[in-house]
Each structure stands twice: as C-alpha cells, then as structure tokens.
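Predicted model, so just to flag it, every value in this text is computed and none were measured.
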Amino acid sequence: MRRVSALVGTQVGFKVGQLLSATILAVITILAVTGPAAADKRVALVIGNSIHERAPLLDEPAADARLLAETLTRLGFTLSGGAAQIDLGKQGFDRALAEFKGRIADADVALIYYAGYGLNLNGTNYLVPVDAAPTTAADLAAELRDLNAVLRELERSGSRQNVVILDAFRSNPFQARGIAGLAAGLAPSGVPARTVMAFSAQPGTVGQRGADGHGVFATALARALQQQDRRLIEVFNQTDLAVDRLTKAAQQPFVMLTMIDGGTEPSAAPSKPAPPVASRSSAATATTPAQPTESTAQDGRTPGLAVLYDEDPADPNGRRYSGSVTWRAETIKDAKSGLPARVIRADIDIPDRKLKVSLQLRRNDDPALPASHVAELTFKPAADFAGGGVNSVPGILMKGEEKARGAPLAGLSVKVTEGSFLVGLSNVETDRERNEQLLASREWFDIPVVYTNQRRGILAIAKGPSGDRAFADAFAAWDKPKAGK
C-alpha cells in the first residue's frame with residue numbers, strides 16, 4: 001500500500017458518525033485525500049459458529065458467515081480454508097487460524113469475520129468454539145479462544161491493512177454455570193496497528209435478528225460492502241445507520257481503529273483518484289487499494305502455508321493437516337570459524353498435529369564436510385504427538401506446486417540426536433548445480449518423515465513471496481567469495 005506522511009500514534013475508538021476532535025479529524029483528513037494504491041492481495045477468514053454441543057444453538061451465525069463469505073469473494077478476497085468456516089471446535093479454531101496466519105504473510109489486506117457467541121471476563125474477550133464447556137473461570141483459557149491472541153497474529157506486518165469484524169453480541173450461554181464475572185458480548189480492547197475493528201453492537205446489548213433469517217448487522221454489512229467506491233469507514237457508517245434504523249436504536253454497532261496507512265476500499269471496481277473529503281464519517285480513510293490483478297488473484301503460491309500429510313489406516317488417501325511457515329534470511333555466527341554466515345530459516349507450525357519444526361539451510365564452509373550446503377531439521381512434537389516422534393528423514397525433495405511429485409535433492413541425511421537431522425547436499429559439481437537450480441526455481445519443499453510408530457508422513461512447505469526473498473537474499477550472499485579466500 002502507498003505510504004502517507006501523517007502518522008496516528010493514538011488508538012481512536014468511536015461510534016461511527018460521532019463527532020471527532022479537531023486534532024484527530026485534521027490528521028484523518030490528510031489520510032483521506034491520499035491517491036489510489038496499487039493492486040492488492042486480500043485474504044479473509046470467515047467463521048460462523050451455530051451448532052454448539054453444550055450451549056443453546058444459534059440460527060444466524062452460520063448463515064451470516066456464508067453470506068459474508070460470498071460477498072467478500074465477489075470483492076476479490078481469497079477465503080482462507082476455501083469457504084466460510086462453520087461450527088469450529090477448539091482444534092478447528094486453531095487449525096483455521098494457523099492456515100490464515102500462513103496465507104496473510106504477504107497479504108495487503110487481512111480480514112476476519114466472526115459470528116457466534118462472544119464473552120468477556122474482566123475485560124478479556126473470548127470467542128466460543130462449538131465444543132466449549134467451561135465450568136470455572138480457570139477453564140476459559142483452555143476452552144475458549146482469547147481474542148487478544150487472535151489479534152496478536154495481525155501485529156507482525158508493517159504494511160498490511162487489517163479488518164476485524166465481530167458479530168458476537170448474544171446472551172451468555174454459560175450463565176447457569178455461575179462463572180463469576182463472565183459477561184455476554186465483547187468489551188472494547190486494544191487494536192493492532194493499521195487495524196479497523198468493528199463490533200456489531202454496544203457492550204451489554206444483544207444483536208437483533210432480521211426478517212430474512214440473517215442477523216440485522218450481517219445483512220446491512222453485506223449490502224454496504226457491495227456499494228461501489230466506498231471506503232471502509234463509509235461501509236461501516238452505512239451499516240451502523242441501517243442497523244440503528246432497522247432496530248429502532250436497540251442495536252448500535254461501533255468501530256475502533258488505529259490508522260497509519262489508513263483504510264481500504266473493499267469495492268471490486270477499479271479505483272479512482274479520491275476527491276477531497278468533507279464528511280466526517282468518510283474522512284477516516286486513506287489509501288484505496290485497487291482490485292487485485294489477474295496474476296495476483298490467481299497466485300497459487302499460498303505464501304506461508306505448510307501442510308502435513310500423514311498415513312491413515314482408515315483412509316487410503318491419508319490425512320491433510322494445514323499449518324503455517326515463517327521464512328527469513330538471517331546472519332548467524334559460524335560455530336567453527338566464528339565468522340558471520342547468512343542462513344535461511346523456516347519456522348513451521350502444524351497445530352492440529354501438535355508439531356513444530358525448524359529448518360535452517362546454509363552454505364557449508366567447513367572443508368572437512370563433503371557438502372555444498374547443509375540443511376538442519378529439528379522436530380518438536382508435543383508429548384502426546386500421535387506418531388510418538390520422528391525416527392528418520394530420508395531426504396528433501398523440491399516441487400513446483402503442492403500436489404506435484406517432487407524431485408529429490410542429491411545428498412545424504414543423517415540423524416544427529418532425537419528429533420534432530422542433518423541433510424548434507426552433494427558437493428559434486430553436477431549435483432551442486434542441479435540442487436541449486438531446484439532450490440532456486442521450485443516453490444515447495446517436500447520432507448518425507450518416518451515416525452517412531454513406523455507410519456510415514458510428508459511435510460510440504462511453500463516458499464511464497466517471503467520465502468522467495470529469503471532465498472534471493474541468501475543466495476546473493478553465498479555467491480560472494482568466502483571470507484579469507
């Protein structure tokens with residue numbers, strides 16, 4: 001997104017349409033007249049929890065989530081998980097968030113919509129999985145999903161615009177359990193940088209159902225999103241006015257935001273230069289990303305995505321577990337020479353399988369080791385990991401896409417310690433050239449594993465744009481003459 005000179009260091013919370021202070025209004029007006037931005041990449045996670053196992057069922061959230069998912073798809077968003085995520089339990093929540101985290105690694109716009117039960121305890125907000133059954137306050141952290149933990153995943157980008165929409169104002173489904181201090185709905189909370197956070201109702205109130213079977217807020221929001229040439233604040237302002245009118249002021253949405261790069265325009269229409277803005281409600285906007293280009297919309301690289309495929313005796317196709325990977329190039333101190341060395345590092349998380357993995361790839365500068373490059377793999381399974389542990393890693397393969405057959409890198413894999421493996425890549429000139437070509441040109445890593453229980457799996461890791469940058473950075477450093485040569 002295009003940067004602007006004005007920075008807002010203070011979080012601003014207000015009911016849309018409410019008067020702003022002159023100072024804040026002046027800064028927001030500067031942001032509002034910024035011209036259109038380049039094409040962007042948009043990713044949305046849409047969750048609707050209706051059918052609860054130990055709480056009253058809800059009619060609207062699943063239908064509302066599907067409505068918003070359809071609307072966002074028409075606006076150029078890629079849906080994390082491929083569709084609206086319906087009736088997520090605790091593990092499903094973690095899996096969906098892990099995949100979303102991977103997919104937004106290089107996104108320009110990241111949007112979360114959640115419809116379902118929302119609760120707060122002494123200012124800490126919780127989203128409620130469908131299998132939650134807390135009996136005491138001490139159960140909340142394990143049984144529910146802390147909203148702050150979700151928001152923390154949005155804090156790690158310096159340029160991405162985040163949008164969080166919380167349609168979670170319903171009665172407390174666990175009121176009969178007598179958990180002291182647990183209240184219905186969500187309370188205003190801290191907002192990550194470059195984030196617009198919209199609440200469907202005021203704290204202490206309950207969202208209303210419309211005549212169409214959807215929540216009033218979801219219907220109004222979907223209609224506002226479909227209006228052309230509307231920026232986010234204008235969308236939420238229109239939604240607020242519609243909900244206020246339709247419920248006769250019984251439900252009043254509100255918005256909290258931190259503005260640095262500003263808001264976005266969700267319209268799928270090509271962007272136009274923004275005229276000067278006089279309206280206070282529409283003044284809290286800024287850079288207006290255009291509709292994604294065809295090449296961006298069809299980008300199949302799935303940045304930051306990791307997938308674990310496991311054998312399953314009950315399913316000949318095996319099981320697929322989604323997770324995330326974070327790539328970076330960093331400089332470390334070589335353990336033997338003491339000199340700085342550039343390495344590629346990947347941190348992988350497969351939450352539904354309770355497995356974390358780290359991969360470090362470096363050029364080999366030790367003449368005693370007959371390898372051009374060395375890949376170090378460390379597996380960190382949970383104590384109750386289903387495979388028991390990782391017994392061996394036969395090697396590493398490279399492939400162009402997730403479902404393609406991989407080409408093996410020439411080298412030798414050895415087990416160093418429990419859960420730790422070293423793959424040395426061949427230093428024979430023809431092997432080295434082929435390995436480097438595969439590493440540079442192929443988008444996915446395939447790492448076959450054999451578990452302690454003798455079942456097998458394959459860990460597939462996508463580079464994505466952030467991985468591409470890490471590899472370009474490291475290979476540029478490795479092409480330079482070695483120190484002392």
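When all heavy atoms of Asn162 and Leu154 are compared, the closest pair comes out as ND2-O, 3.1 Å. Considering every non-hydrogen atom in both Trp444 and Gly400, the closest pair reads CD1-O, 3.8 Å. Between Ala218 and Asp64 the shortest heavy-atom distance is CB-CG, 3.4 Å. Heavy-atom minimum distance, Leu355 versus Phe385: CB-CE1, 4.2 Å. Of all non-hydrogen atoms in Pro173 and Pro56, the two that sit nearest each other are CB-CD, 3.8 Å. Shortest non-hydrogen contact noted between Leu127 and Leu166 is CD2-CD2, 4.4 Å.
Asn125 meets the side-chain hydrogen bond (donor to acceptor under 3.5 Å, both in side chains) test with no other residue; sequence neighbours excluded. A search for salt bridge (charged side-chain N to carboxylate O under 4.0 Å, His left out) contacts involving Asp139 returns nothing, not counting sequence neighbours. Residues forming a ring pair (Phe, Tyr, Trp, His ring centres under 6.0 Å) with Phe445 (at least two apart in sequence, or on another chain): Trp327, Phe471. By the ring pair (Phe, Tyr, Trp, His ring centres under 6.0 Å) test, Phe174 pairs with no residue at all, sequence neighbours left out. Applying the ring pair (Phe, Tyr, Trp, His ring centres under 6.0 Å) test to Phe379 and every residue at least two apart in sequence or in another chain returns Phe421. Contacts of Asp347 classified as salt bridge (charged side-chain N to carboxylate O under 4.0 Å, His left out), with partners at least two apart in sequence or in another chain: Arg328, Arg345. Remark: Asp352 engages Arg95 in a salt bridge (charged side-chain N to carboxylate O under 4.0 Å, His left out) (not counting sequence neighbours). For Lys380, the side-chain hydrogen bond (donor to acceptor under 3.5 Å, both in side chains) test picks out no residue, with sequence neighbours left out. In this structure Glu401 satisfies the salt bridge (charged side-chain N to carboxylate O under 4.0 Å, His left out) test with no other residue, sequence neighbours excluded.
Two residues are said to be in side-chain contact when any heavy atoms from C-beta on lie closer than 4.5 Å; Asn49 and Leu58 fail this criterion. Proximity of Gln226 to Thr71: side-chain heavy atoms (C-beta onward) are separated by under 4.5 Å at one or more points. Side-chain contact between Glu60 and Arg170: present, with at least one pair of heavy atoms (C-beta onward) separated by less than 4.5 Å. Proximity of Phe100 to Ile112: side-chain heavy atoms (C-beta onward) are separated by under 4.5 Å at one or more points. Taking the side chain as every heavy atom from C-beta outward, Asp131 and Lys90 approach each other to under 4.5 Å. Side-chain contact between Leu225 and Leu68 is present, with heavy atoms from C-beta onward closer than 4.5 Å. Residues Asp446 and Tyr309 fail the side-chain proximity criterion, which asks for heavy atoms closer than 4.5 Å. Ile165 has its side chain within reach of Leu111: a pair of non-hydrogen atoms, C-beta onward, lies under 4.5 Å apart.
Checked for salt-bridge contact, Glu143 and Arg54 miss the test: no charged N lies under 4.0 Å from a carboxylate O. In this structure, Lys356 pairs ionically with Asp349, as a charged nitrogen and a carboxylate oxygen lie closer than 4.0 Å. The existence of a salt bridge linking Lys41 and Asp106 is excluded, since no basic side-chain nitrogen approaches an acidic carboxylate oxygen closer than 4.0 Å.
For residues 111-122, every residue pair satisfying the side chain to side chain donor-acceptor pair (under 3.5 Å) rule, not counting sequence neighbours, is listed here: Tyr113-Asp167. Applying the ring-ring contact (aromatic ring centres under 6.0 Å, His included) rule to pairs touching residues 201-220 yields nothing, sequence neighbours excluded. Residue pairs meeting the salt bridge (charged side-chain N to carboxylate O under 4.0 Å, His left out) criterion with at least one member in residues 176-190: none, sequence neighbours excluded.
Annotation: Glu53, atom CD; neighbour count of heavy atoms from other residues, nucleotides and ligands within 6.0 Å is above 12. Heavy atoms from other residues, nucleotides or ligands lying under 6.0 Å from CG of Leu57 number more than 12. The neighbour count for Arg209 CZ, taken as heavy atoms of other residues, nucleotides or ligands under 6.0 Å away, is above 12. Atom CD of Glu330 has more than 12 neighbouring heavy atoms from other residues, nucleotides or ligands inside a 6.0 Å radius.
Side-chain N or O atoms of Gln227 include none that pairs as donor or acceptor with a backbone N or O of Val235 at under 3.5 Å. Proximity of a side-chain donor or acceptor of Gln202 to a complementary backbone N or O of Gln252 within less than 3.5 Å is detected. Using a distance-only test at 3.5 Å, with no hydrogens or angles considered, a donor-acceptor pair links the side chain of Ser50 to the main chain of Ala62. Remark: the backbone N or O of Arg442 is paired with a side-chain donor or acceptor of Lys463 at under 3.5 angstrom. For the pair Asp146 (side chain) and Thr124 (backbone), a donor-acceptor distance under 3.5 Å is absent. Counting only distance, with no hydrogens or angles, the side chain of Arg160 and the backbone of Ile104 share a donor-acceptor pair below 3.5 Å.
For the atom pair CG of Asp94 and CD1 of Ile350, the computed distance is 13.0 Å after rounding to the nearest 0.5 Å. In this structure, CE on Met197 lies 8.0 Å from CZ on Phe254, to the nearest 0.5 angstrom. Atom-to-atom distance recorded for Leu45:CG and Thr78:OG1 is 12.5 Å, nearest 0.5 angstrom. One distance of note links OG1 of Thr195 with CG of Leu151; it measures 7.5 Å at 0.5 Å rounding. For the atom pair Arg42 CZ and Asp108 CG, the distance stands at 9.0 Å (nearest 0.5 Å). Distance check: Leu246 CG to Gln208 CD gives 10.5 Å after rounding to the nearest 0.5 Å.
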| request: Could you walk me through whether Gln251 and Thr205 pass the side chain to side chain contact (heavy atoms under 4.5 Å, CB included) test, one step at a time? | output: CA-CA 7 Å; Gln251 180 178 349; Thr205 64; 5.6 Å; no

| task | Please assess Phe475 against Leu439 for the test side chain to side chain contact (heavy atoms under 4.5 Å, CB included), listing each intermediate value before the final yes or no. | result | CA-CA 10 Å; Phe475 270 94; Leu439 286 167; 4.1 Å; yes

| said: Under the criterion side chain to side chain contact (heavy atoms under 4.5 Å, CB included), I'd like the reasoning laid out for Phe236 against Val163: C-alpha separation, chi angles, the key distance, then a yes or no. | reply: CA-CA 11 Å; Phe236 289 124; Val163 184; 4.2 Å; yes

